[in-house]
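Heads up: the structure comes next, in structure tokens.
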Amino acid sequence: MGTMTSKRESGTVPNGIGRSVKRTEDARFLLGKGRYTDDLRIPGQAYIYVVRSPHAHANITSLDASEAKSASGVVDVLIGSDYLDDGLGTLPCIWQVRNKNGSVMAEPARYPVAVDRVRYVGDAVAVVIAETLDQAKDAADLIVVEYEPLAAVVAGPDAIMPQAPIVHNDAPGNLCFDWEIGNRAATEDAFSRAHHITRLDVINSRIVPNPMEPRSVVAIYDDIADEYTLHTSTQNPHLVRSLLCKSVLRIPEHKVRVVSADVGGGFGVKCHLYPEEVLLTWAARRCGRPVRWTADRSETFLSDAHARDHVTHGELALDSDGTFLGLRVSTVANLGAYLSTWSASIPTYASAPNLAGQYTTPAIYAEVKGVFTNTVPVDAYRGAGRPEANYIVERLIDAAAREMGLDRVEIRRRNLVPSAAMPYATPLGPVYDSGDFRKCLDMAAGNADYEGLAERKQDALRRGKLLGLGVSCYIEACGVSPSRANGISGGRIGGFEMAEIRFNPDGSATVFSGTHSHGQGHETVFAQIVTDKLGVPFESVMLVQGDTARIAFGHGTVGSRSAAVGGSAIVVAGERIVAKGKRIAAHIMEVDVEDVHFEDGEFRSRGTNKVMTIAEIAHAAYLPINYPLDQMDPGLDEICFYDPTNFTFPNGTQICELEIDPQTGHVELKRFVVADDFGRILNPMIVHGQVHGGIAQGVGQALLETVVYDADSGQLLTGSFMDYAMPRSCDLPSFEVSYHEDSPCTHNPLGVKGCGEAGTIGAATAVMNAVLDAMSSVGVDHMDMPASPSRVWRALRAATSKLPRPTASASATAGNGNQVGNAHGE
Amino acid sequence: MANKVSLTVNGRSVQREVEPRTLLATFLREHLGMTGTHIGCDTSQCGCCTVLVDGDAVKSCTMFAFQANGTSITTIEGLASDGRMHPVQAAFQEHHGLQCGFCTSGMVMSIVELVEKYDGLDEASVRELLDGNICRCTGYHNIVKATLAAADVYRSGSAAATHTDTLLRS
């Protein structure tokens, strides 16, 4: 048995914390045995097809579904008036943001199916229920809807122009809210003292999260028990249940079970209550049949919440040596046609409080106008507000460095919050508990060979390329969230997490968690925590997630919270297991409880050689023959609702190096180097994977992805993978990822900060700063995302100096890369 | 109107009546209940539905079921045998080549073809050859690593590689 030392190094327990344990969940996915919602087959099931509006904005003047209802295989067709007749409610937003004058935001009604007016291309108009999907689709063509088209508005800034079409009559001027944060007077004062002011207008482009599994819903109604079961591909089953019951169906929560089994990626877009979840629950009861719906990809583009879409003006005030004095940011955030579940919180509380970044900027003021447009609703996506904050701050810093002739890394170093200043209160509210920003910046700059940049640029020029390097220092408020912080800012939802550790009589343990893994590997990592803390063999720990009937409560997986909040709940539940186990052990060993010591899965009494394993204690708890029944209940099953006392603050530096071919505008990523501080690392293999995927999504926005709406008709022009460029293997390099563990989180028992969103938060900025570094050498210093070949090529036409061409000797050696070797099989 | 199709799926012969418009992907999932093959898009862009048709990696949403008449199909469910993962599957677990698992079926099937048919794979060629399969989780870093590791297993002519040959010809 192990030593009795009280302090153990992280990473020393087999399959414990800090080990790159291979994932438990992999086998079923690799063998084709995953259990995604669309894989369910329910006896008696009927299929649903949702008829959607082809207009961006129109009144429905008539809707005739009679022919469709009598078509072959059709069970029923449901429309908006049926929904109203059934007296059902609207889909709520869970954050109520206040205007500058203290009044509350506009919250126009959002019905899951249009009642008399459609407000975006894709707005649901009718629900067809049929025996097969093909029959439902065929019948959809027989529904006759007459529309009276109205003028549409798709861009945020256009929506608040005086003559703009009005999306909701109860949201004058299309304004949802006009919100502010920070000290305006102090910031203006800082600007009045500035030696230099850098001003910048940026567009944080609209994108579509696009997890590879399209959303899918199966709803079952049990008319005997009057209960519903809703299988849905959600990140947050308890939230779906609460909102569905309270705001929409108006039935008690115990009447609805929400199950979310394997989910094929979420990235924030699956943490909302969606119209289809409401429609299927309703339809299952109306037609007395289990019903199923899965989006096809084109429907994903029209019905999944979109993301970002900020138009921002930022100003940075500096003194003569480059010290930041003040920051002013003004944003118009496009919210789409309706408020989605989290939407109002994303450009406000999830974004602006992060504007201090890693820096000591003493005075900051931000204002955000949230506006309605005739577009798909906009909501959270990996980073959710924090990438937008990072983007304006880090682009401003690069612009300031260029304007003042300062080195980009040096100006950042000069302004970083020093580690000695922790805990550090930023002017906008967040209090950073720990972090060594300088360390990550130095690690990344060293690994990226920042010193050798000038030489590499010269080499690229000889090859006819423009080489650029971009730096982004990010910090993010994660580990969402202290419930009190939610309440203060208008949240209508708590932020704690629940964990239950239930020992079984044989000593194996079942962990119930309210978080939800859809790729993050919780089955593995949570078992590592239990193995490490309680000494239960890794193989003897099982995770239950994603089922409101089995799990007491939870807030799902969003905001990089699962390890920091969900993991902490597991640790505290484990401490309660140990506390009870000590009392059981003391009774059986006939010693004082104060003399019982727990280490590596064993209870030992000081001064004796008595020892009991945790499995033996579990057995005694379920077979309480020799047991202190006068002091405590039998059983070994502890629960913890863990409410964090602060956010966590993952931080780091990302550096991107790329080359632009001025002849084609093509941007080739050469290196992507990051150094992160996630606090303690639970599973390095999984953390690296999270960072890789996060970077790819940030790069996607920077170089490839963008949503385009036709400004006149409001038609979505990028409605499939044919028109919307997803990052592919050939668009990306391998990533160079490193981290340090010297600044653990100080306020949770694991010391973890979270790693899920970090990659995305800094990556788009690092890429764009690199693109601009490359282009500014020829006099082009502005570019909005995506830096696609056509846009880069066009921008370079404005170059003020001569574009490079390959020299004869360089071109002779170029062009021998990326050849596919020796195909012989075809 | 229905067509009769007769084909072999993972070594098992199957006969079914299908509508002409039924895609092979739909046939596998809905008619045979083999849900390991996933559908991630409707424009044949994502590769989630990739299966082997007579040994060639094919996006099963690009074929009608009746076009597969007389073929031998291998899906993700048919790759492992004797309780042992195929080398590509094993490499994915070893190198963390999957996260949510949704693109994984098609990705693995594409890579099985790739390591079988190409010698001298390196990072650049793998990245070019895999551009028909989209993964949203991994950033491809570990998929590339897993592919090169599996290719090494093939190059070294291990027993596992032989096992796959047998499987594909069954």
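The chains referred to below are lettered A, B, ... by the order of the sequence lines, with proteins before strands, and numbering in each begins at 1. What you see below is based on every heavy atom in this structure, not just the backbone, and it leaves out hydrogens, waters and symmetry mates. Only a predicted model underlies this, so the values are computations on that prediction, with no experimental measurement involved.
The two atoms that bring B:Gly139 and A:Ala696 nearest to each other are CA-CB, 3.5 Å, heavy atoms only. The two residues B:Glu94 and A:Lys22 make their nearest non-hydrogen contact at O-NZ, 3.2 Å. What you find for B:Cys137 and A:Phe267 is that their closest heavy atoms are SG-CZ, 3.7 Å. Taking every heavy atom of both residues into account, A:Ile686 and B:His96 meet most closely at CA-NE2, 3.8 Å.
For chain B, the nearby parts of A:Ala27 are the backbone and the side chain; heavy atoms of each come within less than 4.5 Å. Contacts between B:Arg21 and chain A at a heavy-atom distance below 4.5 Å involve the side chain alone, from C-beta outward. Looking at B:Cys41, both its backbone and its side chain come within 4.5 Å of chain A, counting heavy atoms on both sides. Looking at B:Val144, neither its backbone nor its side chain comes within 4.5 Å of chain A, counting heavy atoms on both sides. Of the two parts of A:Asp38, the backbone and the side chain both hold a non-hydrogen atom closer than 4.5 Å to a non-hydrogen atom of chain B. In this structure, chain B has heavy atoms under 4.5 Å from both the backbone and the side chain of A:Met685. Using a 4.5 Å cut-off between heavy atoms, A:Val691 does not touch chain B at all. In this structure, the portion of B:Thr138 lying under 4.5 Å from any heavy atom of chain A is its backbone and not its side chain. Neither the backbone nor the side chain of A:Ile695 comes within contact range of chain B; no heavy atom of the residue lies under 4.5 Å from a heavy atom of that chain. Neither the backbone nor the side chain of A:Asp731 comes within contact range of chain B, judged by heavy atoms closer than 4.5 Å. Only the backbone of B:Ile39 comes within less than 4.5 Å of a heavy atom in chain A; its side chain stays farther off.
Note: B:Tyr140 OH to A:His692 NE2 = 14.5 Å, rounded to the nearest 0.5 Å. Within the model, atoms CG of A:Asp723 and CD of B:Gln45 stand 9.0 Å from one another, a figure rounded to the nearest 0.5 Å. The distance from atom OG1 of B:Thr22 to atom CG of A:Asp134, rounded to the nearest 0.5 Å, is 6.5 Å. Distance CE/B:Met85 to CG/A:Asp26: 7.0 Å, rounded to 0.5 Å.
Using a 4.5 Å cut-off on side-chain heavy atoms (C-beta onward), A:Pro214 and B:Phe102 make contact. The side-chain heavy atoms of A:Met212 and B:Cys135, taken from C-beta on, include no pair separated by under 4.5 Å. In this structure, the side chains of B:Glu123 and A:Ser734 come closer than 4.5 Å at one or more pairs of heavy atoms. Between B:Arg29 and A:Arg41 there is a side-chain heavy-atom pair separated by less than 4.5 Å. Put simply, the side chain of A:Phe721 reaches to within 4.5 Å of the side chain of B:Ile134, judged on heavy atoms. Under the 4.5 Å side-chain criterion, counting only non-hydrogen atoms from C-beta, A:Glu213 is not in contact with B:His38. Side-chain atoms of B:Arg127 and A:Pro733, non-hydrogen and from C-beta on, never get closer than 4.5 Å to each other.
Interface summary for chain A: among B:Thr104, B:Leu130, B:Leu98, B:Ile76, the most heavy-atom pairs under 4.5 angstrom belong to B:Leu98. Options A:Gly265, A:Gly689, A:Ser720 differ in how many heavy-atom pairs under 4.5 Å they form with chain B, and the most are formed by A:Gly689. For the set A:Asp138, A:Thr300, A:Val699, the entry with the most heavy-atom pairs within less than 4.5 Å of chain B is A:Asp138.
For A:Lys33 and B:Glu77, the salt-bridge test fails: no basic side-chain N is under 4.0 Å from an acidic carboxylate O. Using a 4.0 Å cut-off between charged nitrogen and carboxylate oxygen, B:Arg136 and A:Glu705 count as a salt-bridge pair.
By the 30° and 60° cut-offs, the orientation of the rings of A:Phe735 relative to B:His141 is parallel.
Shown here is B:Arg12, whose CZ atom has no more than 12 heavy atoms of other residues, nucleotides or ligands within 6.0 Å.
Between the side chain of B:Glu128 and the main chain of A:Cys730, no donor-acceptor pair closer than 3.5 Å is present.
Under the 3.5 Å distance criterion, with hydrogens and angles disregarded, a donor-acceptor pair is assigned to the side chains of B:Asp42 and A:Ser298.
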